[in-house]
Amino acid sequence: MNVIIRDTYEEMSRYAAGIIASLVRQKPDCVLGLATGSTPIGTYRELVRMHKEEDLDFSQVKTFNLDEYLGVGMDLGKPYNMDQSYARFMHEELFKHINIKKENIHIPDGLTKNPEEFCKAYEEEIRKAGGIDLQLLGIGRDGHWAFNEPGSSLASRTRVEVLTKQTLDDNYESFYKKAGIPRDQMPHFAITMGIGTILEARNILMLANGRRKASVVAKALEGPVTSQITASAIQLFKGGVTVVLDREAASELKNVEHYIHREKLLGTFSFNSINE
Ligand code: GLP
């Protein structure tokens with residue numbers, strides 16, 4: 001596992017965007033797995049800058065997003081049914097600023113009438129696209145990847161999941177404080193890729209920043225593999241793993257010196273292109 005520590009959020013974001021950009025340049029028709037949340041915003045901004053200033057071309061790139069709230073969604077072109085939809089987030093933060101084709105964007109449909117069928121079809125779409133080359137991930141404060149809340153099977157597939165109290169508390173800010181949506185009307189369910197689905201990607205790029213993530217980052221990377229911290233499944237990953245942290249998020253790791261030493265010896269990042 002490559003653990004890269006940078007002093008600031010901006011440096012973390014630039015490093016992460018550099019990894020994504022070099023994959024897009026190396027394999028213009030690559031398949032990216034994308035994440036939402038505040039963590040990847042800086043990375044997306046840097047990708048947008050590279051698209052505008054350095055001709056980074058997304059015209060053949062396909063994307064699959066990790067998750068979406070159930071009952072929330074956005075049909076591109078139609079009004080958003082809720083500002084907090086992950087589809088809207090992706091459109092505003094990334095897609096509308098780059099030359100990605102609409103038909104190459106895949107986001108779980110929170111407005112589906114048949115979630116079970118939808119989840120099966122989503123898995124099938126990923127398979128048909130040839131699998132995910134690089135999956136971008138954040139980490140929730142309860143250690144989740146996407147919406148694989150504590151107790152999710154580490155072999156789980158795309159499905160509907162119930163959000164934890166911790167996640168609802170974290171969402172309160174954007175739903176209630178920003179939009180006045182009371183807690184009982186906030187989404188309590190989400191469609192999420194499973195941990196088993198994520199582990200099939202060829203490369204993982206996980207990001208975390210800030211003091212509030214330090215303890216859960218240390219548990220996920222250096223603690224036992226457990227369904228209570230689903231991001232700890234990173235330790236089981238077969239492909240290329242890079243974790244990029246800012247100084248604060250790395251502050252509770254035990255092996256920091258080793259990670260820094262390792263980066264010095266190994267230098268540049270290379271992709272795992274083997275599909276096992
Ligand atoms: C949500 C998303 C996760 C994300 C997490 C952290 O739960 N489903 O994919 O990693 O939020 O969000 P933030 O980056 O804002 O801390």
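Atoms within each ligand, like the ligands themselves, are counted from 1 in listed order.
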Glu123 and Lys120 ion-paired at < 4.0 Å: no
Rounded distance [0.5 Å steps], CD1 in Ile107 versus CD in Glu68: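 Spacing of CD1 (Ile107) from CD (Glu68) equals 7.0 Å.
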Centroid separation Tyr69 to Tyr86 less than 6.0 Å: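 Close enough - the centres of the two rings lie under 6.0 Å apart.
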Tyr122 and Phe64 aromatic centres sub-6.0 Å: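 Ring-ring flag for Tyr122/Phe64: true, centres closer than 6.0 Å.
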Contact residues of ligand 1, where a non-hydrogen atom lies under 4.0 Å away: Thr36, Gly37, Ser38, Thr39, Asp67, Tyr86, Gly138, Ile139, His144, Ala146, Phe147, Arg212, Lys213
Chi angles and distances behind the side-chain contact (heavy atoms from CB on, under 4.5 Å) call for Glu263, Asn2: CA-CA 7 Å; Glu263 188 193 351; Asn2 301 313; over 6 Å; no
Over 12 foreign heavy atoms within 6.0 Å of CZ, Phe118: yes
